[in-house]
Peer 1: 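Please read through the structure below; I'll follow up with questions.
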Amino acid sequence: MDNPRQRKKGRKTVDGTKQKGSSSTKSVDGKQQAQTRSPCVQCLLMFCAVVGVLTAVILILPCPADPQEYSFPDPPKLEGPLAPNTVLSRTERFLEGKVMGPESLVTYKGDLYTGTADGKVLRIRGEEVTLVGRTGTPPCGTYETEPTCGRPLGMRVDSLGNLYIADAYLGLLKMNISTGDHETLIPMDVEVAGHKMMFPNDLAIDRDGVIYLSDSSLTWQRRDVFSLVMEMKPDGRVLRYDTKTKQVRQIMDGISFSNGVELSPDQSYLVVAETSKARILKHHLRGEHAGRTEVLTDNLPGLPDNIRSSSRGGYWVALAATRGTKGPNLMDAIQARAWLKRLIFKVLPMHLVLLAAPQYGLILEIDETGAIVASYHDPEAKGIASGSEIHEHEGHLYIGSYVAKFLGRLALEELDRL
Ligand SMILES: *[C@@H]1O[C@H](CO)[C@@H](O)[C@H](O)[C@H]1NC(C)=O
């Protein structure tokens with residue numbers, strides 16, 4: 001702040017000297033230097049002092065996180081299956097104002113179900129929305145109330161009408177899809193492999209009633225999700241819960257924000273989104289590699305959220321944010337510098353980090369080998385900017401978004417109109 005003021009002062013002095021009308025330019029320059037030297041030195045000292053104090057304060061401030069450096073490769077070029085189009089821009093805003101942040105979707109007996117940011121589980125029959133139940137207790141809607149309100153995230157349903165819900169604050173729940181009555185299968189205060197769950201996020205259930213549940217972080221809750229992404233600490237994991245024996249154990253750890261979980265069609269492996277690292281992991285459940293984890297697809301053009309089977313045999317991947325879709329990639333540059341992240345953690349509100357991500361909607365379809373086979377874009381983010389899940393239902397894609405106040409809906413025929 002001192003600098004511009006000083007510059008103004010300096011200019012005044014020059015003007016003043018000029019008005020006096022000196023005989024030679026040389027002498028004007030000389031006079032000006034002599035006249036302003038002392039204020040200039042003073043101001044320089046002041047400036048250094050202010051910078052020094054600020055630096056000291058920033059150095060002394062404790063960092064509320066332990067940010068890790070991560071160097072991304074350059075994001076993939078938007079060509080081939082990633083060539084831009086406007087298909088996702090044509091997404092209809094279905095049920096606008098009636099569903100707040102619908103994250104995940106299931107179909108049961110022809111009806112759709114979703115869980116929302118106000119702690120509700122909703123049944124959607126045609127255009128009619130009814131409340132099935134709540135995971136927590138109102139009030140809802142603020143950072144402070146979120147843990148008691150509950151936040152239903154990933155959902156799955158079995159053929160009997162048991163709705164399994166990963167609630168970010170209340171654990172793994174089983175809800176009667178007709179009555180909304182529910183019980184807690186894994187409460188938050190149970191230690192699994194030495195740690196309580198911090199951020200249950202998504203789940204998949206196999207034919208034998210075994211549930212695979214992601215616990216995104218040991219450090220951050222859902223309401224601090226930007227801190228989680230920014231810190232990049234690999235303390236996310238996947239748990240295995242057997243609904244018959246009620247036993248739970250950890251099967252994967254060391255993941256930087258474990259998120260979407262889906263089973264392969266033959267149930268021989270699990271695909272798991274590693275959100276902060278923009279990649280998808282493959283964890284073998286059966287066969288000679290059982291228990292081993294490999295990277296299925298790396299360097300995605302964004303941060304993957306939930307993953308769901310596609311009717312074409314692969315997987316739908318919703319991207320919560322994109323990388324490199326609109327010019328230079330600020331977020332990747334930040335992630336590569338731990339000192340900068342420490343500084344950001346100390347002095348900035350974390351939600352500002354969002355500003356570093358381009359406003360661009362993008363969903364992907366990958367095949368079983370992890371290759372991107374199709375991508376649907378919304379370059380101006382008119383419809384869905386942060387997709388959380390893509391669910392096929394009655395000839396449409398229903399697109400959940402944890403921030404939207406509607407469900408995205410897109411007829412499958414639209415996908416061919418590139
Ligand atoms: C849900 O509750 C209804 C009414 O009590 C009951 O008839 C039904 O069997 C329950 N469903 C499940 C999956 O337990």
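Read the numbers this way: they start at 1 and go in the same order the structure lists the ligands and their atoms. All values below were derived from every heavy atom in this structure, side-chain atoms included, with hydrogens, water molecules and symmetry-related copies excluded. Remember, predicted model here, so these are calculated numbers, not experimental data.
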Peer 1: What protein heavy atom sits nearest atom 5 (O) of ligand 1, and how far away is it?
Peer 2: Thr179 CG2, 4.2 Å
Peer 1: Should you measure from each heavy atom of Asn162, which atoms of ligand 1 turn up under 4.0 Å away?
Peer 2: 13 (C)
Peer 1: Is there a protein heavy atom at a distance of less than 4.0 Å from atom 7 (O) of ligand 1?
Peer 2: no
Peer 1: May I ask which of Leu160, Leu163, Asn176 has a heavy atom nearer to atom 10 (C) of ligand 1 than the others do?
Peer 2: Asn176
Peer 1: With heavy-atom distances below 4.5 Å as the criterion, would you say the side chains of Leu105 and Leu407 are in contact?
Peer 2: yes
Peer 1: Taking the six-membered ring for Trp, are Trp316 and Tyr376 parallel (under 30°), tilted (30 to 60°) or perpendicular (over 60°)?
Peer 2: tilted
Peer 1: Just by distance, do the side chain of Asp215 and the backbone of Phe199 share a donor-acceptor pair under 3.5 Å?
Peer 2: yes
Peer 1: Compare all side-chain heavy atoms of Arg151 with those of Tyr402 and state whether any distance is below 4.5 angstrom.
Peer 2: yes
